Amino acid sequence: MSTFYITTPIYYVNDAPHIGHAYTTINADAFARWHRLMGDDTMFLTGTDEHGLKIQRTAEENGVTPLEQADSTSVRFREAWEQLNISNDDFIRTTEERHHLAVQTLMQKAYDNGYIYSDTFEGLYCVGCEAYYTEDELDDGNCKVHERPAEHMSEDNYFFKLSAFADQLLEHYEQHSDQVRPDGYRNEVLGLLRQEVRDISISRTSINWGVPVPWDDKHVFYVWYDALINYATAVGYGADEDRFGTYWPAAHHMIGKDIIRFHCVFWPAMLLAAGITDLPKFYVHGWLLIGGEKMSKSKLNGVTPKQLIEGDDEQAFVPFGVDGVRYHFLRDPSFGPDGDFSYEQMIVRYNSDLANQFGNLVQRVITVTGKKCGDLAPSCDGDSPLKAEAEKAFTATTEAWARAQPPIALDATWRLIRETNEYLAAKEPWKMEPGADVDRVMGDSLEAIRIVSILASPAIPVAAQLAWERIGMTGNVDDQRLPDAATWGQYAGGVALTTGDPLFPRLKG
RNA sequence: GGCGACGUAGCUCAGUUGGUCAGAGCGCUCGACUCAUAAUCGAGAGGUCGACAGUUCAAGUCUGUCCGUCGCUACCA
């Protein structure tokens, strides 16, 4: 059995969950679900990043402790992911003891190996970014991101010898073309490594809300470096070497393109410095654009996952349901380039793919079967014309997931839905007399629905399970294992079908 | 400034090594059907494949230039 370990970035608790977080997390979830279907021993991690000056200050402003501050926001992420049916196996918080231990273990190793040294750092610091800037990176002394003055700071820092790993990493990414997907982002990583790679500051003395540096307790680690290590913490780094050995070699990080440098350059170097030679792979996505523009905080605040799922009268949002939201984020934006988030497009896609094609297919097949085949469903024909289509759909779907292209995978699955609708139109079972011919047509259609339910379950887990049950299948669709479960000819019939409300009621734009 | 990507039907995009490559889905129009959530099925609408020049028997598919969009990165001011 192979293993698959996938992570989302851990989200900074200074910000409430928005659709950008949801986009990343839903994609990671779909990959996790797909790999479970494929029978992989899968580990899916998400969580929250809770250290740093920004949290410390926010807590002070609110008159609470930093941990209380983090608690209140972290739980909102948990709730959001629960609502979106995210199937994470663990939820890590960087304030947890296990994480502190892992950070200290890993950094101590890097220190012992001679890759960390002390130096004085002086510069202009933006609290919002938690980063130092040079004069010309600022806009009249103000941080361009946060539009506030950068502060003069001078402190003794520990530095990480990133420069010592530039060549090794360059070679690594040159030789392994599948480490960073899509390919365009791999080129960016190579570009970063071909330039001068400078050592980086990794500790702070000016704050205390962080993980203490084990060999010098006046310092805490800079929030970014503490944060990255969460990926190792969660699979037992420093605590359970067997577990770490099992999952770490299969690590995949789902990230947005804005954090490529930290993840694809800094993080692997830190691993190497600590003597870990298995380097993670990356799935890099672009940003969701709203009306062609990069999402701003204010625009984001206008749209939350919850509003899209449940609908919102004030904003005149219709309820897409959990699966509707998930499907849109997986199917509409190309994976990699920036994609447009469009409410109108979301409705069009929902009505077309979910309501008209899939939901309606389930409905019509169950109804016709009930009218023409008696109380118990017929079995499928081992030699149906749909058999080849099901095989094609499975092959193409599998290939697209392997290439890290959810939109293409879903399109491939939906091809079987369209083929089944065509098949029904060609056979017109509703005109036929009850008998073997109708039984065959309906059995085949039910078999196609069975297979689609499995293949579509990573995207629309709720509806897939519902369809699964309505055609008389038992157990959980999530527990099916590919490729066997997708092999044509397994629908045995002899069971009662269930009618019900439409899986996806049509929405009015 | 350097490096790189992209610019194909109204929309989102497919189009390996040049020769059925002018395509798919959605949208739209018309037709069919009525089992189904006014869903489904079929047909069509004719986009000079950003512009120009070139290589070739043959170019979205190669070369050069230009225009446009974007990303990464550097630096002067």
Side-chain angles (χ1 to χ4, degrees), chain A residues 134-137 139-140 180 182-198 256-261 264-265 284-287 289 291-294 321 324 327-328 330-342 344-373 396 399-400 403 405 407-408 410-432 434 438 441-442 445-446 449 463 467 470 497 499-509:
Chain A
T134 57
E135 289 276 5
D136 51 70
E137 284 173 319
D139 190 9
D140 199 24
V180 181
D183 223 40
Y185 291 117
R186 171 173 169 247
N187 292 334
E188 285 191 15
V189 173
L190 292 172
L192 288 172
L193 287 165
R194 284 182 182 130
Q195 298 168 187
E196 185 195 356
V197 174
R198 278 185 254 177
K257 65 178 186 179
D258 51 325
I259 52 178
I260 282 182
R261 183 197 292 268
C264 302
V265 178
V284 185
H285 68 248
W287 284 318
L289 306 178
E293 294 176 37
K294 186 184 169 187
Y327 186 79
H328 169 258
L330 289 165
R331 177 63 183 81
D332 266 328
S334 293
F335 189 83
D338 291 346
D340 239 321
F341 169 82
S342 149
E344 291 71 23
Q345 176 61 26
M346 205 170 158
I347 289 185
V348 168
R349 178 68 74 183
Y350 175 100
N351 281 337
S352 161
D353 291 12
L354 297 179
N356 297 351
Q357 292 182 5
F358 182 55
N360 181 56
L361 174 65
V362 172
Q363 193 98 321
R364 69 192 301 211
V365 166
I366 289 174
T367 302
V368 177
T369 303
K371 285 184 180 173
K372 299 289 183 179
C373 306
E399 191 189 280
R403 284 189 310 145
Q405 287 298 336
I408 296 173
L410 292 175
D411 183 60
T413 297
W414 253 251
R415 210 175 308 157
L416 179 55
I417 296 173
R418 284 185 232 115
E419 291 294 342
T420 307
N421 272 323
E422 283 177 33
Y423 177 67
L424 286 170
K427 296 289 185 183
E428 300 185 304
W430 46 88
K431 285 184 179 172
M432 299 164 77
V438 195
V441 172
M442 298 324 293
S445 301
L446 287 160
I449 290 172
R470 285 190 186 179
L497 306 184
T499 52
D501 293 335
L503 257 32
F504 296 99
R506 265 184 80 84
L507 298 175
K508 286 177 182 169

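What you see is a predicted model; the values in this text were computed from it and never measured. Protein chains get the first letters and strands the later ones, always in sequence-line order, with residue 1 at the start of each. Side chains are part of it too, since the values below use all heavy atoms of this structure and drop only hydrogens, waters and symmetry mates.
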- Using the P atoms only, state how far B/G15 lies from B/U8, rounded to an integer number of Å. 14 Å
- Message: What is the separation between atom CZ on A/Arg261 and atom C1' on B/C72, rounded to the nearest whole Å?
- Response: 9 Å
- Applying salt bridge (charged side-chain N to carboxylate O under 4.0 Å, His left out) to A/Arg403 and not counting sequence neighbours gives none
- Message: Which residues pass the side-chain hydrogen bond (donor to acceptor under 3.5 Å, both in side chains) test with A/Tyr350, not counting sequence neighbours?
- Response: none
- Atom-pair distance (NZ on A/Lys371; C1' on B/U34), nearest Å: 10 Å
- Given atom CD1 of A/Ile417 and atom P of B/A39, what is their separation to the nearest angstrom? 17 Å
- Message: Let me check I have this right: for RNA chain B, each base becomes ., (, ), [, ] or |, based on Watson-Crick or G-U pairs with both distances under 3.5 Å. What is the full string?
- Response: (((((((..((((.........)))).(((((.......))))).....(((((.......))))))))))))....
- Message: Please pick, from B/C33, B/U40, B/C72, the nucleotide with the shortest atom-to-atom distance to any side-chain atom of A/Glu188.
- Response: B/C72
- Provide the full list of salt bridge (charged side-chain N to carboxylate O under 4.0 Å, His left out) pairs with a residue in residues 416-430 of chain A, sequence neighbours left out, each pair given once. A/Asp411-A/Arg418, A/Glu428-A/Lys431
- Whichever of A/Glu422 and A/Gly191 has its nearest RNA chain B nucleotide further upstream toward 5': A/Glu422
- By side-chain hydrogen bond (donor to acceptor under 3.5 Å, both in side chains) - contacts of A/Thr420 (at least two apart): none
- For the pair made of CG in A/Leu507 and C1' in B/A38, what is the distance, rounded to whole Å? 15 Å
- Item | Contacts of type salt bridge (charged side-chain N to carboxylate O under 4.0 Å, His left out), residue A/Arg415, not counting sequence neighbours | none
- Message: Once side-chain hydrogen bond (donor to acceptor under 3.5 Å, both in side chains) is applied, do any residues pair with A/Arg194, and if so which ones, sequence neighbours excluded?
- Response: A/Glu174
- Query: Rounded to whole angstroms, how far apart are CD on A/Gln363 and C1' on B/U37?
  - Reply: 7 Å
- Message: Could you work out, with salt bridge (charged side-chain N to carboxylate O under 4.0 Å, His left out) as the rule, every residue matching A/Lys371, not counting sequence neighbours?
- Response: none
- Note on the structure: Residues at least two apart in sequence or cross-chain that pass side-chain hydrogen bond (donor to acceptor under 3.5 Å, both in side chains) with A/Asn360, listed by chain then number, are none
Under 3.5 Å, which N/O atoms of the protein pair with N/O atoms of nucleotides 3-10 of chain B?
none

- Message: Can you work out whether A/Leu503 or A/Gln195 has the more 5'-proximal nearest nucleotide on RNA chain B?
- Response: A/Leu503
- Using the C1' atoms only, state how far B/C72 lies from B/C26, rounded to an integer number of Å. 33 Å
I'd like a table of atom pairs between the protein and nucleotides 23-32 of chain B - only N or O on both sides, under 3.5 Å - with the distance next to each one.
{"from": "B/C26", "atom 1": "OP1", "to": "A/Gln357", "atom 2": "NE2", "distance (Å)": "3.3"}

- Which residues pass the ring-ring contact (aromatic ring centres under 6.0 Å, His included) test with A/Trp430, sequence neighbours left out? none
- Item | Interatomic distance at C1', B/C52 relative to B/G68, whole Å | 15 Å
